[in-house]
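Heads up: the structure comes next, in structure tokens.
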Amino acid sequence: MTDLEIHEKIQQQISQLPPEQLSLLSEFLDSLLTKNTVNQKQLRRISPIKRGKKAGDLLQYAGTWQGDDLEDCLRFVEETRSQTQF
């Protein structure tokens, strides 16, 4: 399909839309245009880090839960972990 044919098809489809769907289409087109104008880095796919680990390796942590509830656990994590620098 050529660009001209695509434009004609889209114009035909737009002419058949009810007003509420026209509004949604307009918002969608705005989002497409915004994505094209914003200078964003393309995400690149990287392979996962494989270190020979298996699910069974997680068993060493079984029974090591700290705290009676989530807040206690989060507090424990914050107190015992070092800050990461990026």
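Source: prediction; values computed, not measured.
- With hydrophobic clusters built from ILVMFWY side chains whose heavy atoms lie under 4.5 angstrom apart, L17 shares a cluster with L29.
- Every residue meeting the side-chain contact (heavy atoms from CB on, under 4.5 Å) condition with L74, not counting sequence neighbours, appears here in chain and number order: L70.
- A heavy-atom distance below 4.5 Å is not found between the side chains of F76 and D72.
- The CD1 atom of I14 lies 9.5 Å from the OG atom of S26; values are rounded to the nearest 0.5 Å.
- For E71, the side-chain contact (heavy atoms from CB on, under 4.5 Å) partners are D69, R75, not counting sequence neighbours.
- For residues 5-28, the set of pairs meeting the salt bridge (charged side-chain N to carboxylate O under 4.0 Å, His left out) definition, not counting sequence neighbours, is empty.
- Annotation: the span from D3 atom CG to M1 atom CE amounts to 11.0 Å, rounded to 0.5 Å.
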